[in-house]
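Take a look at the structure set out below.
Quick caveat, the model's predicted, so the values are computed rather than measured.
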Amino acid sequence: MKGSEKYQIQYFPVENYEPEWIKKDHIEKAPIWCSVDLRDGNQALIIPMSLEEKLEFFDELVRLGFKEIEIGFPAASETEYEFTRKLIEENRIPDDVAIQVLTQSREHIIAKTFEAVRGCKNAIVHLYNSTSLAQREQVFRKSKEEITQIAVDGAKLCKEYREKTEGNFRFEYSPESFTGTEMDFAADVCNAVLDVWEPTPEDKVIINLPVTVELSMPHVYANQIEYMCKKLHNRENVIVSLHPHNDRGCGVADTEMGLLAGADRVEGTLFGNGERTGNVDIVTLALNMYSQGVDPELDFSNLPAVAEVYERVTRMRVYERQPYSGQLVFAAFSGSHQDAIAKGMHYREEKGDGKWTVPYLPLDPTDVGRVYEADVIRINSQSGRGGISYVLETKYSLHLPVKMREEVGYLIKGVSDRKHAELQPKEIHQIFTETYVNRDGRLQIPEVHYEQKKGEGIIATVTMVYDGKEQIVKGSGNGRLDAVSNAIKQVVGDTYTLKNYEEHAIESKTDAKAAAYVRIKTPDKKNSWGVGIDNDIIVASVKALTSAINRAGL
C-alpha cells in the first residue's frame with residue numbers, strides 16, 4: 001500500500017523505562033467508573049439526544065450503578081445548560097451520585113459552568129486544555145510555558161468560583177491529547193494544576209490522562225500511565241483516571257493495561273459510542289472483569305434491555321459481534337463448537353462444581369439476560385449433529401440416540417443449505433417430526449394386546465393394516481416390542497432386523513409423554529430410524545417400529 005512514508009510516530013514513549021505493571025496478569029478490583037455517554041457520547045451522535053432522551057439515559061446509567069456521570073458541557077448550548085439545571089432543581093441526582101461537567105480554561109466558560117451547577121450536592125468540574133506537540137504547534141501556536149499558564153489560570157479560576165458558588169464541587173483536570181504530549185511536559189502541566197488545587201484526603205483531585213487519539217500500542221500507554229503515577233505531586237490524594245478512544249481498535253487493551261499500571265478510574269461509554277471510532281466500551285471492560293471473578297460493581301444482568309434503551313435514545317446500533325452484547329456473540333454455528341458446548345453443558349450438570357468452564361463460552365449467557373436456546377446453538381448449513389441434537393433436547397426434551405444424531409444432522413443441514421437460511425428451533429422440530437415421528441405408510445397398527453405365557457415369553461396379538469388390508473396376527477418374543485416385530489414379519493416377510501431401541505420420558509408441563517427410537521436394518525444393509533411419541537411408552541415403541549418400517553418402504 002503506497003503512501004506510508006508520510007506517516008511517523010507521534011507519541012512520546014517513556015525512555016529507558018522498566019515497567020512494573022507488566023508483572024501483573026489481571027485486574028483485582030473494579031475501578032471508579034465514570035460514564036461520559038451524555039457528553040462525549042452525545043456530541044458524537046448524528047442527532048444529539050433531546051432533553052427527554054438525556055433524562056431517560058441518565059436514569060438508566062444510575063440504575064446500572066454509575067456513581068459518576070459526565071452529563072455535558074453546560075456552557076456550550078442551552079440544551080446542555082437546561083439539562084444540568086433540571087437534574088439539580090428537580091432533585092433527580094441520587095445522593096451517592098456525582099454529576100460531572102466539562103469546561104475549557106476560559107473565564108466566561110468557567111463562570112457559566114459554575115452557574116449551571118449552582119446548588120448541586122455533588123459535582124465534578126472537569127477542566128481541560130490541549131497539551132500535545134501537534135496542538136501546540138499547529139492549533140494554538142504557543143510555547144510549553146504558555147500552555148502551562150492556560151492550565152494554571154483555569155485551575156485558579158475554578159478555585160475562585162468554587163469559593164463563591166453554592167454547592168459541593170470537586171475538580172478534575174485533563175491534559176487533552178495526553179498521548180501526543182512529551183511525558184515530562186505532561187507531568188509538569190498536571191503538577192502545576194495540582195499545586196494550585198492542593199488536594200487533600202477529603203478533597204481529592206482527579207487527573208485524567210486521555211487517549212484523545214490512539215497513537216500507540218497499549219503497552220506504551222501503560223508505561224506512560226505508570227510514569228505519571230510516579231511523577232504526580234501528592235499522589236496519595238490524586239485519583240488517576242483513564243479516558244481511552246479506540247482509533248487503533250485497542251481501547252479496551254489500553255484501559256486494562258492502564259489499570260494494571262496504577263490508574264484508579266475509567267471514563268467511557270456504553271457499547272463504545274463516541275467521536276470517530278468511539279470511546280472505550282465500559283460494558284466490555286466490566287464483563288471482562290466479571291468473567292474472571294471480579295465484581296465490576298455495575299449491573300449488566302439484562303444487557304438486551306440496556307441495549308434497547310441505548311439504541312432508542314442514541315439512534316445507534318449495537319454491532320452483532322460486539323463483545324458480550326452483540327446478538328451473535330454467544331451463537332455457535334460451527335458443528336465442532338456446538339458439540340463442545342453441548343457436552344460442556346452436560347458435564348456442568350453432571351459433575352460441575354458451580355464454576356463456569358464451558359468451552360467456547362467465556363461467560364454464562366444467562367448472567368447477562370440471554371437465553372441458551374435462542375442465543376447459543378444456532379443452526380445453519382455449517383452446524384453439526386451435536387448442536388442440532390442440543391436444540392431438540394433443550395427445547396423439546398427429545399434425547400436422540402447417539403447413533404441417530406449424525407443422520408438427523410445431515411438432514412437438517414441439508415434443508416438449511418438448500419434454503420440458504422438459518423433454521424429456527426420450531427423449524428428443526430417440524431422437519432424432525434415430519435421425517436421420523438409416528439409416520440404413516442403401508443403399515444398401520446391400531447391395536448395390540450399382550451399376554452405372558454410360561455415358557456413362551458410375551459405373546460402379542462396385533463391388529464394391523466397392511467396395504468389397506470386389515471388382519472390379526474400373533475407373534476411371540478422375549479419382550480413386547482420383539483413380539484410385535486415377529487408378528488409384523490409374518491406379514492411383511494423377514495425384510496429387516498431390529499438393531500436399536502431407546503426410550504425416555506418427555507418433560508412437559510401440560511401432559512406426560514414418552515418417546516421411543518427404533519433403528520432397523522434391511523437386507524441391503526440400509527438403516528431406517530423411526531420415532532414414536534405417545535402417552536404410553538409401549539404404544540410409543542410400536543409407533544417407532546412402524547415409523548421405521550414405513551420409512552424403509554417395506
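Here the OG atom belonging to S35 is positioned 9.0 Å from the CG atom belonging to L64, to the nearest 0.5 angstrom. Between atom CG of residue L87 and atom CD1 of residue I71 there is a gap of 5.0 Å, rounded to the nearest 0.5 Å. Note that OH of Y517 and CG of L398 are 4.5 Å apart. Values are rounded to the nearest 0.5 Å. Here the CE atom belonging to M49 is positioned 4.0 Å from the CG atom belonging to N42, to the nearest 0.5 angstrom. In this structure, CZ on F271 lies 7.0 Å from CG on D281, to the nearest 0.5 angstrom. Between the CZ atom in R370 and the CG atom in N302 there is a gap of 10.5 Å [rounded to 0.5 Å].
Side-chain N/O atoms of H243 and E70 include no donor and acceptor closer than 3.5 Å. No side-chain N or O of T357 forms a donor-acceptor pair with one of Y347 less than 3.5 Å apart. If you check the side chains of S241 and R265, you find a donor sitting under 3.5 Å from an acceptor.
For the side chain to side chain contact (heavy atoms under 4.5 Å, CB included) with I69, the lone residue among V36, V62, D37 that qualifies is V62. Each of E56, E53, E52, E60 was compared with R312 under the salt bridge (Lys or Arg N to Asp or Glu O under 4.0 Å) criterion, and only E56 meets it. Between Y436 and the choices V408, I533, L400, I431, the side chain to side chain contact (heavy atoms under 4.5 Å, CB included) rule is met once, by V408. Just one residue in the list K403, E407, R519 forms a side chain to side chain donor-acceptor pair (under 3.5 Å) with N527, and that residue is R519. The side chain to side chain contact (heavy atoms under 4.5 Å, CB included) test with V402 is passed by exactly one of E406, R405, M404: R405.
Aromatic ring orientation, Y396 versus H429: parallel (interplanar angle below 30°, classes split at 30° and 60°). Taking the six-membered ring where the residue is Trp, F57 and Y310 present perpendicular rings, their angle passing 60° and hence far from 30°.
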Evaluate the criterion side chain to side chain contact (heavy atoms under 4.5 Å, CB included) for residue pair Y501 and L545; output intermediate values, then yes/no. CA-CA 9 Å; Y501 172 73; L545 176 59; over 6 Å; no
Test L285 against E256 for side chain to side chain contact (heavy atoms under 4.5 Å, CB included), laying out the working first. CA-CA 8 Å; L285 287 169; E256 291 183 330; 3.7 Å; yes
Side chain to side chain contact (heavy atoms under 4.5 Å, CB included) for M464 and I488? Distances and angles first, verdict last. CA-CA 8 Å; M464 69 179 74; I488 292 171; 4.1 Å; yes
Evaluate K419 against V415 for side chain to side chain contact (heavy atoms under 4.5 Å, CB included), listing each step before the verdict. CA-CA 6 Å; K419 286 186 172 185; V415 174; 4.1 Å; yes
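A salt bridge does not link R63 to D59: none of the charged nitrogens lies less than 4.0 Å from a carboxylate oxygen.
A donor-acceptor pair is defined here as one N or O able to donate and one able to accept, closer than 3.5 Å; such a pair exists between the side chain of H504 and the backbone of H399. Checking side-chain atoms of K526 against main-chain N and O of A552 turns up no donor-acceptor pair under 3.5 Å. No donor-acceptor distance shorter than 3.5 angstrom exists from the side chain of N273 to the backbone of T269, with no hydrogens or angles considered. Not one N or O on the side chain of E214 forms a donor-acceptor pair closer than 3.5 Å with the backbone of P244. For the pair K489 (side chain) and Y496 (backbone), a donor-acceptor distance under 3.5 Å is present. When atom types are taken as modelled, the side chain of D534 and the backbone of V539 share no donor-acceptor pair closer than 3.5 angstrom. Between the side chain of S397 and the backbone N or O of I506 there is no donor-acceptor pair closer than 3.5 Å. A distance-only check finds no donor-acceptor pair linking the side chain of D40 to the backbone of G268 [under 3.5 Å]. Judged by distance alone, with hydrogens and angles left aside, the side-chain atoms of E297 form no donor-acceptor pair with the main-chain N or O of G65 at under 3.5 Å. Side-chain atoms of S528 come within 3.5 Å of backbone N or O of A548 as a donor-acceptor pair.
With contacts defined as side-chain heavy-atom distances shorter than 4.5 Å, the pair R276/V213 qualifies. Taking 4.5 Å as the limit, every side-chain heavy atom of M257 sits out of range of all side-chain heavy atoms of Y221. Using a 4.5 Å cut-off on side-chain heavy atoms (C-beta onward), L61 and L270 make contact. The shortest side-chain heavy-atom distance between V280 and D254 does not fall under the 4.5 Å cut-off. No side-chain heavy atom of S416 sits less than 4.5 Å from a side-chain heavy atom of E427. Taking the side chain as every heavy atom from C-beta outward, L481 and V518 approach each other to under 4.5 Å. Considering only heavy atoms from C-beta on, L392 comes within 4.5 Å of I428 through its side chain. Between F330 and V368, the closest side-chain pair of non-hydrogen atoms falls below 4.5 Å.
Pairing each heavy atom of E275 with each of A44, the nearest pair is N-CB, 3.4 Å. Nearest heavy-atom pair across P218 and C250 is CG-CB, 3.7 Å. When all heavy atoms are compared, the tightest approach of R348 to W356 is NE-CE3, 3.4 Å. Of all heavy-atom pairs between D295 and A30, the closest is O-CB, 3.6 Å. Contact detail for Q471 and V491: the closest heavy-atom pair is NE2-CG1, 3.6 Å. Across all non-hydrogen atoms, the minimal contact from Y360 to S336 is CE1-O, 4.3 Å.
Remark: D95 CG is loosely packed, at most 12 non-hydrogen atoms of other residues, nucleotides or ligands lying under 6.0 Å away.
Under the 6.0 Å distance and 45° angle rule, R480 counts as a cation-pi partner of Y450.
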